[in-house]
Amino acid sequence: MLNLNERAQAQFNQPLSELSHAEIYKILLDLVQEKTAAMPQNEGKRKLYYISAEFLIGKLLSNNLLNLGLYDDVAAELAENGTSLAEVEEAEAEPSLGNGGLGRLAACFLDSIATLGLNGDGVGLNYHFGLFRQYFEDNKQSYKPDEWLDHPTWLNKSDISYKVPFGKFTLQSTLYEIDVPGYNQPNVNKLRLFDLDTVNPEIIEESSINFDKTQIEENLTLFLYPDDSDRNGNLLRIYQQYFMVSNGAQLAIQEAIERGSNIHDLAEYVVVQINDTHPTFIIPEFVRLLTTEHGIDFEEAVEITRNVVAFTNHTILSEALEKWPLSDIHEVIPEIAKIITKLDEIIKDEFPDKPAVQIIDKWGTVHMASIAIHFGFSINGVAALHTEILKNNELNHFYEIYPEKFSNKTNGITFRRWLMASNPSLTNFIDEHIGTKWREDADLTDLLAFENDDKALDELRRIKRENKNALADHLQRTRDINIDRHSIVDVQIKRIHEYKRQQMLALYIIYKYHEIKAGNIPGTPITIIFGGKAAPAYTIAKDIIHLILSLSELIENDLDVAPHLKVVFVDNYNVSEAEYLIPAANISEQISLASKEASGTGNMKFMLNGALTIMTWDGANVEIAEQVGEENVYPFGKSSEEIVNLYATDGYDPQDYYKQERIQPIVDFIISDELMAYGIPERLNRLYNDITNKDYFMALIDLEEFIDVKEKVYYDYEDRRDWTRRSLINIANAGYFSADRTIAEYNKDIWHLDQ
Ligand code: GLG
């Protein structure tokens, strides 16, 4: 017994049953904080700093209770007092310190690093507002600032602080920390988030996310990814990145000295994993600190840094491989610009005939990934296919120089959050059938013994039904949306991007709408659910949202079709929404244009929760198919080789596909009078023109096959027993995608921390 009632009396002078959810949440927050504060930090000579612009940690209460072994006791005591963890958690603000898979991966990794007992902390920024709070108005995406710091949080203010010297002024940081307990572990790690005391939310203009981008002292850590469509936005991002890495580097060096480093041997004490290119300035920053503050000469400083820093690449999209004009870097951080110029000279001397590997190109643009690859000791991709594309295409020139630096680390997810906390019924089912050892080693293959066990399959179906009910209740309560509880739940949740091809699923919806209109009624009603945010400056992505919302309304108002097909766009999709959607899903949509999705991690979460995957041969989908067998997924579409080749030869013209008999009427419907009645002509026309004339991410190339595979999926679902059998096979083979496996690989091949 934890005696929550005693705590209730002491803190609020009332019994637990009388307290609000927010008050109970505060009690549990304090309880967890007390426990973790009393736990020692992981130790070891060498320490990892996982530095990232994003940590999409989600709500922490359930996950922390689970990891500390308190979950069942707390759940029982709450139940005795007439409430539940799910209800109490509604009072927790979700820190939106991330955007998508990159940030969620960082959060899963922190959980696994702690669970493996490794000495490693996360380092990032304490944004006062996350990305933005998305809501829909007139079938359009709108924005509110997403404040989370006004609520009780997991942050502890530390007394650690560093001076960060910019060209025009110096700022003094404040460090906040969040304890990260591992699963069943005696020790904790920390997520360390740097901030600035002078940041001032008042400068945000009323009901918008706009603010004066030049007021660095007031705006530095206001937002994750502030709008960078103008120069001041670019400069602000450089300010942010440098503030993050300078603090991170100073922290790493100081702690290394405290553990006994004489600086020359820094690499024996510190390894820094940089998550995508955003933290790349840490390389010149280490060189600056080592030369100016620690008396090391330039050459040795470069060598030390090279042995400390490792880089993970998360994308081949050129828009995300950051480049900055040297002049911008010079304006914000002139010392760093000088060091980058010197690093560039080293590379120009060494590889005079290789323009593709230069740091500063002939237009004076600095390629951040080039810095990270030349001056780090390791570069890894995040799924097998992605790493091959990096080696053979995207980064081939680097691979030729440094084959030994390249490796693959297929992403993973923490089963603590994405199974144990978010799907307790499935967790119990697994425990009852194969015992609890999987909680340590993630091996679920013993479940395969139940492939033909009717009782087990019935049980699994019951669990899915319950989870659908929980989702239906949640959508009803939070959004007044009603979904058919007996429908097949078909989900695509991820950032909105043309390469992820939400527009292709929207085109399928148009097809299905007409099929149903023509009297071809599906055996089971279909609910298609989208969730995801579009970057504010990404016009076509916002148009895709608009198309989906307009279609949703059109279908809702069509009495012939509405009973059989429903389209839902969940606003403000985040980790908490995912925790409702994923356990309830029958179908996981992983339909990116082959070669474009580096890995995906949502795909793994769906599989683990028993959804069947409709997939292109992209990212980690390929490995999912490998693990589970092709007969237990639904692959379709062009291969990544074909696509890479089409880009190289400029060989794609959407008109070739648009003119196909089945396709043209579907695409034309975007600008039909029927849909225009719900949509905005300017937006629908723009999207139509884009798809028919440009279609840069080739939605039309795979549409025919996509329609066929979707029809097959819905048909197969009618055989519930066989569907459930294949659902079980998916769950049973998901073990490979545990982030514990991924982290063990990072440690074995890259970090070499003691265990
Ligand atoms: C990226 C990629 C995803 C990948 C994730 C984590 O687009 O495919 O799963 O990183 O490695 N920016 C991202 O979300």
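One is the number of the first residue; the rest follow in order along the sequence. As the structure lists them, so they are numbered: ligands from 1, and atoms in each ligand from 1. Computed from heavy atoms alone, side chains included, the values below leave out hydrogens, waters and symmetry copies.
In the model, T601 has no side-chain atom that pairs as donor or acceptor with a side-chain atom of N411 under 3.5 Å.
Not a single heavy atom of G619 sits less than 4.0 Å from an atom of ligand 1. Within the structure, the closest approach of H386 to ligand 1 does not fall below 4.0 Å when heavy atoms are considered.
Here the heavy atom of the protein found nearest to atom 4 (C) of ligand 1 is G600 N, 3.7 Å. L102 N, 3.0 Å is the protein heavy atom nearest to atom 14 (O) of ligand 1. Closest protein heavy atom to atom 8 (O) of ligand 1: E597 OE2, 2.5 Å. At the shortest separation from atom 1 (C) of ligand 1 among protein heavy atoms lies H314 O, 3.5 Å.
At under 3.5 Å, a nitrogen or oxygen of G101, whether backbone or side chain, sits near a nitrogen or oxygen of ligand 1. Ligand 1 has no nitrogen or oxygen under 3.5 angstrom from a nitrogen or oxygen of V382. For the pair S599 and ligand 1, the shortest N or O to N or O distance falls below 3.5 Å.
Aromatic ring centres of Y242 and F281: separated by at least 6.0 Å.
With respect to the salt-bridge test (charged N to carboxylate O, under 4.0 angstrom), the residues D121 and K47 qualify. With salt bridges taken as basic N to acidic carboxylate O contacts below 4.0 Å, none links R133 and E147. For the pair K323 and D361, the salt-bridge criterion is not met [side-chain N within less than 4.0 Å of a carboxylate O]. Between K710 and E589 there is a salt bridge, since a side-chain N of the basic residue sits under 4.0 Å from a carboxylate O of the acidic one.
No more than 12 heavy-atom neighbours from other residues, nucleotides or ligands sit within 6.0 angstrom of CD on E641.
Near R495, the atoms of ligand 1 lying under 4.0 angstrom from a non-hydrogen atom of the residue are 7 (O), 12 (N), 13 (C), 14 (O). Taking a cut-off of under 4.0 Å to the non-hydrogen atoms of A598, the atoms of ligand 1 that pass are 8 (O).
Counting all heavy atoms, side chain and backbone alike, I283 lies closest to A372 at CD1-CA, 3.7 Å. For the residue pair I209 and K144, the shortest heavy atom distance occurs at CG2-C, 4.0 Å.
Only the side chain of N411 comes within 4.0 Å of ligand 1, judged by heavy-atom distances. Of the heavy atoms in Y499, only side-chain atoms (C-beta onward) come closer than 4.0 Å to ligand 1. Contacts with ligand 1 closer than 4.0 Å are made by side-chain heavy atoms of L105 only, the backbone lying farther away.
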